[in-house]
Chemist: 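To start, I am sharing the structure in question, which I have written as structure tokens.
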Amino acid sequence: MSEENNIPKVYDPVAVEKKWYEYWEKNGCFHVEADPSKKPFCIVMPPPNITGKLHMGHALDNTLQDILIRWHRMMGDNTLWMPGYDHAGLATQIKVEEEIKKNEGLTRYDLGREEFLKRVWQWKEQYGERIFTQLKSLGVSCDWDRKRFTLDEGCSKAVREVFVSLYEKGLIYKGTRIINWCVHCNTALSDVEVEHKDDTGHLWYIKYPLAGEKDQYLTIATTRPETIPGDTAVAVNPKDERYGKLVGKKILLPGTDREIPIIADDYVDLQFGTGAVKITPAHDPNDYEMGIRHHLENINVIGLDGKMTKESGKYVGQDRYECRKNIIADLDAAGLLVKIEDCPHAVGHCQRCGNVVEPLISTQWFVKMGPLVKAAVDCVENGQTQFVPPRFTKTYTNWMANIHDWCISRQIWWGHRIPVWYCDDCGAVVASRTDIDKCPKCGGHVHQDEDALDTWFSSALWPFSTLGWPENTDLLKQFYPTSVLVTGYDIIFFWVARMLVMGEEFMKKVPFEKVFIHGLVRDEQGRKMSKSLGNGIDPLEVVNKYGADTLRFMLITGNTPGNDMRFYWSRIESTRNFANKIWNASRFALMNLDGYDAKAKRAPYTLADKWILSRLQHTTKDVTDLLGRFELGEAGRVIYEFIWGEICDWYIELIKPRLYNKDNAEERATAQYVLCEVLGSAMKLLHPYMPFITEEIWQHLPHEGKSIMLAQWPEYKESLVNADVEAGMTAIMETIKAIRNMRAEVNAAPGHKAPAILLVSDALKNVMEENKGYIQLLGTVDNLTIDKLSAAKPKNAMTAVVSGVEVYLPLKGLIDVEKETARLQKEIDDMHKEIKRSEGKLNNKGFLAKAPAEVVAKEQAKEDEYKKKLVALQERQAYLQTL
RNA sequence: GGAACUAUAGCUCAGAUGGUUAGAGUACCACGUUGACAUCGUGGGGGUCACUGGUUCGAGUCCAGUUAGUUCCACCA
């Protein structure tokens, strides 16, 4: 940009963005060391999966973080953004398995554990960094030198420590109980990994014969007939008069020769179905609980592969749904099928593969949540950790109040292997070391538990494991608790809750002070972006076409915290236009900085200078306050409005004469100085949102330091706030707009200058006189006459009335009396309406008595203003009639 | 069955703690290429703030209810 004549008119983000990211990295702008003398600010990045491909959710999430980080860095805080990625056990394993299957036709069992894991590590080395490359193109300013991985040595050590510690406290246990099993992924799942979706199921009514009674039946209703062979009771409600006599009797279970009891239990709903329900403790969580209450037998009829077991008798080997059909057919043939009703009901699906989850009894490892939740809930309720927006607090506490034990073992290989070794002779051993090779008690042979931990187990430790725990590192001391966690509302349960639990248990402190929750990015129709719908928009496509700055600004503005937003290309374009506008404003500045010397003698500030400096102070204050309240969208809007609506639309226009006039060096220097000052500050305010273009411009403006990202955040200077100046400028701008408006009404040739007469209040007289040049310049006025309001009204002129100013435009021969009358009439009507409203208030005794004095005074001033305006308009209209 | 969110201009959305003639972007209409920018400029039209009550001197903003839509949680087979 040094060669002014060659600056392109259109901003080209692609080259610029690449250049600056490399520059920042090379200059170590992202790196930080713990500095206890400074205020810490730390965010740990929600680790993307190594299988991840950047999507809009990442783009939003990381832009929000980057804005907070860049802002705090400029504020001078000791600012750390800790990046990392997640091994994503099940997701990655499935992905690599698929690849091996495709390329070699082998399964992981064919390869064996060791070889398979080698392959996954290879895959990770090859593709794992892809997501980071993509994140970099967004401009994220995290400290890449500190990048962590959930399976790296430190994080793995933390996992083992936590596991062993919880085990020793009795908070991790191994148990045999009903769990969620994915027959496709072939592993146990936790409750949160099961997604309940409404299925259009059926309710089958089936006659169960009473044992030892001829032709007597109890009709039950079930949505899962295939579990009939696993029934070990039929239950009715003890209050149910229909069935009271039957309790204690026996049923001959159809298709078997087993007799099962009829039991009474409060759980049974009298209204649903027939009021009698078959109980299959091995395949339904409720039935399981009831089984415990009534000491029922558990019979597993569906195996881990989703096929019927030999316990199911003749159905053995059949797929569970095939079996369902066959059982219905058999019951129908036996005359036991009474009827079939439609019955929409929720069915659990595997979050990962979408298959229907089978509840079944299995031996797994669990975290006992009961003793852990209290601290994690208390710290939120007493405000040590605050959700932003606060409504998510309730989501969190409600969920925590109903939490079940967390099943943490997975029948997968990719992940943290459970640090438990079993002695062949003397029972279990648990150790936080990895090198157990013989039983420490008896020296006998040991073997390690085959299972791996839930991926979220290591994620739960992320805020402290990444900072070095279990070592008490400088980083941990300085940055824990972290400042903000930024994440979507969809993973509060998976992640946020568990981090709070683990943070409280192991650090005895919250993991983060704020949880900043955002919504989802949806498509133009408001649908979730998803692979299956094919409606996802690739952030990189946007970056390559429009630049990361544009994508970032678009994602952040135009919505409020916690709410979903829609992705619109038209919004991308309008943001791109904003970038271009900034570009051109800066181009203008640079084209007019020739000969600029910051130390040269300058003329005093003009009204426009004082005005824009005053506006800058308000903007600085508002933006800073809004950022502090996490109102990032609103802050962005304020900056946008300042740059486009005030710097570009007004200030630049007003200083053009001074910049063009090289004869008056001092005046020119002042304009140059203020322009640089204001533009530079605006770039700083905008930098967290649009890091690249602001850097590019800042580097070309006179500056100190090596990067805008290390520059000091603009300071609010109250001494530069000037209400009188703003009032004067406002009157001038209103006057200019009124003149433009009237000229447009009569289609005056845009370039054609015309005279104007202003009658102004005493308060404004001086400022208008002194700055009549502004009005002439932007109002296209040649002869400007300024007089007092009491002066004689000019005849044969168009009129407008603004605050304290009557504007007369003698547009000879251009006035269309009829049109002008109508225009005035509309304004007169508006004024009548406003005066009525105002009078209503001012005549209200309650208002006068109870409203604050300043509100009353303000209303009174408004009414006076309206009335003056009305009189002027009416006079003018009366005059028109005489023409 | 609980709970949350949303309802403001044709469209997408802002409008903290109640007092603005209810705003922006986009779309639309008119005029315009004057030496930053047509990815632009100037001007304009367009909203009884979902509905009904209530609190208040005053409600888009607070409360209750209604309607519509979205989402989350939940062991009614």
Side-chain angles (χ1 to χ4, degrees), chain A residues 7 9-11 196 203 220-224 227 235 267-269 271-274 276-280 284-290 343 345-346 359 391-392 394-395 398-399 402 489-490 492-493 519-520 524 526 528 546 557-560 562-568 570-571 573-592 625-626 629 631 633-634 637 640-641 645 648-649 652-653 656 660 737 740-745 747-751 778 780 830-831 833-834 837-838 840-841 844-852 854-856 858-859 862 866:
Chain A
I7 306 170
K9 282 191 176 186
V10 172
Y11 175 60
H196 291 272
L203 197 54
I220 58 95
T222 181
T223 56
R224 302 204 58 198
T227 63
Y267 163 76
V268 181
D269 182 346
Q271 311 301 321
F272 191 89
T274 62
V277 56
K278 67 192 243 2
I279 303 301
T280 320
D284 182 284
N286 302 311
D287 293 8
Y288 180 78
E289 293 299 320
M290 206 183 294
C343 179
H345 64 293
R391 64 185 143 92
F392 290 103
K394 213 169 165 183
T395 310
N398 282 351
W399 187 75
N402 301 308
Y489 58 67
D490 50 335
I492 292 176
F493 305 141
L520 270 38
E524 298 201 2
K528 223 166 159 168
Y546 295 92
T557 50
N559 81 323
T560 31
N563 290 337
D564 292 351
M565 68 170 318
R566 297 192 193 194
F567 184 95
Y568 270 88
S570 66
R571 291 191 51 226
E573 280 175 20
S574 78
T575 310
R576 183 267 320 264
N577 295 352
F578 176 48
N580 200 53
K581 185 75 179 176
I582 298 167
W583 179 252
N584 277 294
S586 309
R587 246 181 90 225
F588 170 82
L590 295 170
M591 288 163 81
N592 289 284
D625 289 351
L626 286 162
R629 295 206 306 268
E631 299 272 4
E634 196 57 7
R637 194 191 59 74
Y640 178 102
E641 175 57 29
C648 295
D649 288 351
I652 284 182
E653 295 305 327
K656 275 179 178 174
Y660 292 158
K737 283 196 250 182
R740 287 169 170 174
N741 179 339
M742 286 187 285
R743 289 175 58 100
E745 289 283 341
N747 287 327
L778 300 185
T780 332
D830 285 350
M831 274 310 107
K833 231 164 49 191
E834 286 310 316
R837 191 192 55 77
S838 216
K841 272 191 174 181
N844 183 330
K845 281 179 190 161
F847 177 70
L848 296 174
K850 296 190 180 176
E854 63 177 65
V855 174
V856 176
K858 208 169 143 194
E859 196 61 43
K862 270 195 265 180
Y866 296 149

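Labels below follow one simple rule: chain letters A, B, ... track the order of the sequence lines, proteins then strands, and each chain is numbered from 1. Hydrogens, waters and symmetry mates play no part in the numbers below; they use all other heavy atoms, side chains included. The structure displayed is predicted, hence computed values, not measured ones.
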Chemist: For a ring pair (Phe, Tyr, Trp, His ring centres under 6.0 Å) with A:Tyr11, tell me which candidate from A:Trp583, A:Tyr546, A:Phe578 qualifies.
Modeler: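 In the set A:Trp583, A:Tyr546, A:Phe578, the residue that makes a ring pair (Phe, Tyr, Trp, His ring centres under 6.0 Å) with A:Tyr11 is A:Trp583.
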Chemist: Measuring only the P atom in each nucleotide, how far is B:G65 from B:A22? A whole number of Å is fine.
Modeler: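 One P to the other, the span is 30 Å.
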Chemist: How many Å lie between CG on A:Asn398 and C1' on B:A3, as a whole number?
Modeler: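 After rounding, the reported distance stands at 7 Å.
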Chemist: For the atom pair NE2 (A:His345) and OG1 (A:Thr223), what is the distance rounded to the nearest 0.5 Å?
Modeler: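 Between A:His345 NE2 and A:Thr223 OG1, I get 4.0 Å after rounding to 0.5 Å.
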Chemist: Atom CG of A:Asn747 and atom C1' of B:C31: how far apart are they, to the nearest Å?
Modeler: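 My rounded result for the distance is 6 Å.
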Chemist: Given A:Phe588, which partner from the list A:Asn584, A:Leu590, A:Asn592 fulfils the side chain to side chain contact (heavy atoms under 4.5 Å, CB included) test?
Modeler: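 Of the listed options, the one satisfying the test is A:Asn592.
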Chemist: So, OP1 or OP2 of B:U26: does either fall under 4.0 Å of a side-chain N or O from A:Arg571?
Modeler: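 No, A:Arg571 has no side-chain N/O under 4.0 Å of OP1/OP2 on B:U26.
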Chemist: Quick check: closest heavy atoms across A:Leu520 and A:Asp564, and the distance to 0.1 Å?
Modeler: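 For A:Leu520 and A:Asp564, the tightest heavy-atom pair comes out as N-OD1, 2.8 Å.
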Chemist: With a non-hydrogen cut-off below 4.0 angstrom, is A:Ala221 in contact with a base, only sugar-phosphate, or nothing?
Modeler: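 Base, at least one base atom sits under 4.0 Å.
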Chemist: Take atom CD of A:Glu631 and atom P of B:A14, then tell me their distance rounded to the nearest Å.
Modeler: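 It is 10 Å, rounded to the nearest whole Å.
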Chemist: Checking contacts here: which listed nucleotide (B:A3, B:A14, B:A77) is nearest the side-chain heavy atoms of A:Asn563?
Modeler: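 Nearest to the side chain of A:Asn563 among the choices is B:A14.
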Chemist: Could you tell me how far apart A:Arg566 (CZ) and B:A14 (P) are, to the nearest whole angstrom?
Modeler: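 Distance, rounded to whole Å: 11 Å.
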Chemist: Is any side-chain N of the basic residue among A:Glu859 and A:Arg837 closer than 4.0 Å to the acidic one's carboxylate O?
Modeler: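 Looking at A:Glu859 and A:Arg837, the cut-off is met.
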Chemist: Identify the two heavy atoms, one from A:Lys9 and one from A:Asn580, that lie closest to each other, and give their separation to 0.1 Å.
Modeler: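 Minimum heavy-atom separation between A:Lys9 and A:Asn580: O-OD1, 3.7 Å.
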Chemist: Measuring from A:Leu626:CG to A:Glu634:CD, what's the distance to the nearest 0.5 Å?
Modeler: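 Atom-to-atom, A:Leu626:CG and A:Glu634:CD are 6.0 Å apart.
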Chemist: Pick the nucleotide of RNA chain B nearest each of A:Val277 and A:Phe392; which residue has the one closer to the 5' end?
Modeler: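 Taking each residue's closest nucleotide, the earlier one in sequence belongs to A:Phe392.
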Chemist: How would RNA chain B look in dot-bracket form, 5' to 3', counting Watson-Crick and G-U wobble pairs with both distances under 3.5 Å and writing | for bases paired to another strand?
Modeler: (((((((..((((.....[...)))).(((((.......))))).....(((((..]....))))))))))))....
Chemist: About how many Å separate CG of A:Asp284 and CD of A:Glu289, when rounded to the nearest 0.5 Å?
Modeler: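 CG of A:Asp284 is found 10.0 Å from CD of A:Glu289.
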Chemist: Please indicate whether A:Lys862 has more than 12 foreign heavy atoms, meaning atoms of other residues, nucleotides or ligands, lying under 6.0 Å from its NZ.
Modeler: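 Enclosed: over 12 neighbouring heavy atoms sit under 6.0 Å from NZ of A:Lys862.
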Chemist: What does A:Gly558 touch in the nucleic acid at a heavy-atom separation under 4.0 angstrom: a base, only the sugar-phosphate, or nothing?
Modeler: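 Since only primed, P, OP1 and OP2 atoms lie under 4.0 Å of A:Gly558, the category is sugar-phosphate.
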Chemist: Using the P atom as the point on both nucleotides, what is the distance between B:C5 and B:A64, in whole Å?
Modeler: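 Comparing P positions in B:A64 and B:C5 gives a spacing of 11 Å.
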Chemist: Given atom CZ of A:Arg637 and atom C1' of B:G23, what is their separation to the nearest angstrom?
Modeler: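 Going from CZ in A:Arg637 over to C1' in B:G23 covers 8 Å.
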Chemist: Find the distance A:Met565:CE to B:G25:C1' and express it as a whole number of Å.
Modeler: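 Interatomic distance, CE of A:Met565 to C1' of B:G25: 12 Å.
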Chemist: Would you indicate, yes or no, if B:A14 has its OP1 or OP2 atom less than 4.0 angstrom from a side-chain nitrogen or oxygen of A:Thr560?
Modeler: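 For B:A14, OP1/OP2 do have a side-chain N/O of A:Thr560 under 4.0 Å.
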Chemist: Taking atom types as modelled, is there a side-chain donor on A:Asp287 or A:Tyr267 under 3.5 Å from an acceptor on the other?
Modeler: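 No, no side-chain donor-acceptor contact under 3.5 Å.
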Chemist: Could you report the tightest heavy-atom contact between A:Ile652 and A:Ala585, atom names first, then the distance?
Modeler: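 So the minimum-distance heavy-atom pair works out to CD1-CB, 3.9 Å.
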Chemist: Set out, line by line, the N/O atom pairs under 3.5 Å between protein and nucleotides 17-21 of chain B.
Modeler:
from  : atom 1 : to       : atom 2 : distance (Å)
B:U21 : OP1    : A:Tyr866 : OH     : 2.8
B:U21 : OP2    : A:Arg837 : NH2    : 3.3
B:U21 : OP2    : A:Lys862 : NZ     : 2.5
B:U21 : O4'    : A:Glu834 : OE1    : 3.0
B:U21 : O4'    : A:Glu834 : OE2    : 3.2

Chemist: On RNA chain B, compare the nucleotides closest to A:Phe272 and A:Ala589; which residue's is nearer the 5' end?
Modeler: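 Nearer the 5' end of the strand: A:Ala589.
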Chemist: Take nucleotides 37-47 of chain B nucleotide by nucleotide from the 5' end and write B, S or -, depending on whether a protein heavy atom sits under 4.0 Å from the base, only from the sugar-phosphate, or from neither.
Modeler: B-BSSSSSS--
Chemist: For a quick check of understanding: with a heavy-atom distance under 4.0 Å over all strands, which category does A:Pro750 fall into, base, sugar-phosphate or nothing?
Modeler: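 If one applies the 4.0 Å heavy-atom cut-off, A:Pro750 turns out to touch the sugar-phosphate alone, with no base involved.
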Chemist: Do you know the tightest heavy-atom contact between A:Gly519 and A:Tyr489?
Modeler: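 Looks like CA-CE2, 3.5 Å.
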Chemist: C1' atom, B:G46 versus B:C40: distance in rounded Å?
Modeler: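 The same atom, C1', in both gives a distance of 24 Å.
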Chemist: For atom P, what is the distance between B:A68 and B:C76, given to the nearest Å?
Modeler: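 That atom pair is separated by 24 Å.
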Chemist: Work out which heavy atom in A:Arg571 is nearest to a heavy atom in A:Gly558; give both atom names and the distance.
Modeler: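 Answer, listing the atom of A:Arg571 first, then A:Gly558: NH2-CA, 4.0 Å.
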Chemist: If only atom types and distance count, is the side chain of A:Arg587 paired as donor or acceptor with the main-chain N or O of A:Val10 below 3.5 Å?
Modeler: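 Judged by distance alone, no pair lies under 3.5 Å.
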Chemist: Which is true for A:Lys394 with a 4.0 Å heavy-atom rule: it touches a base, it touches only sugar-phosphate, or it touches nothing?
Modeler: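 Touches sugar-phosphate only.
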Chemist: A:Tyr288 near the nucleic acid: base, sugar-phosphate alone, or nothing, with a heavy-atom cut-off under 4.0 Å?
Modeler: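 Nothing, no nucleic acid heavy atom in range.
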Chemist: Heavy atoms only, 4.0 Å cut-off, all strands: where does A:Asn559 land among base, sugar-phosphate and nothing?
Modeler: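 Sugar-phosphate: the residue A:Asn559, judged by heavy atoms under 4.0 Å, touches backbone atoms but no base.
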Chemist: Can you tell me how far C1' in B:A77 sits from the matching atom in B:A3, rounded to whole Å?
Modeler: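 Their C1' atoms lie roughly 24 Å apart.
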Chemist: If the P atom of B:C28 is compared with that of B:U70, how far apart are they to the nearest Å?
Modeler: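 Comparing P positions in B:C28 and B:U70 gives a spacing of 30 Å.
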Chemist: Is there a side-chain polar atom (N or O) of A:Tyr489 under 4.0 Å from OP1 or OP2 of B:A3?
Modeler: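 Negative; the distance criterion is not met.
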Chemist: Measure CD1/A:Ile279 against P/B:C76 and give the value in whole Å, please.
Modeler: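 Nearest whole value for this atom pair: 14 Å.
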Chemist: Under 3.5 Å, is there any donor-acceptor pair linking the side chain of A:Arg629 to the base of B:A16?
Modeler: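 Answer is yes: a donor-acceptor pair is held.
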Chemist: Grab the CD-C1' distance between A:Glu634 and B:G15 for me, whole Å please.
Modeler: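 Taking atom C1' of B:G15 as the reference, CD of A:Glu634 is at 7 Å.
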Chemist: Could you work out the separation of B:C62 and B:G18 based on their C1' atoms and round it to a whole Å?
Modeler: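 7 Å, rounded to whole Å.
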Chemist: Looking only at side-chain atoms of A:Asp284, point me to the closest of B:A36, B:A77, B:A4.
Modeler: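 That would be B:A77.
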Chemist: Roughly how many Å apart are B:G60 and B:A9, using the P atom of each and rounding to a whole number?
Modeler: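 Straight-line distance between the two P atoms is 15 Å.
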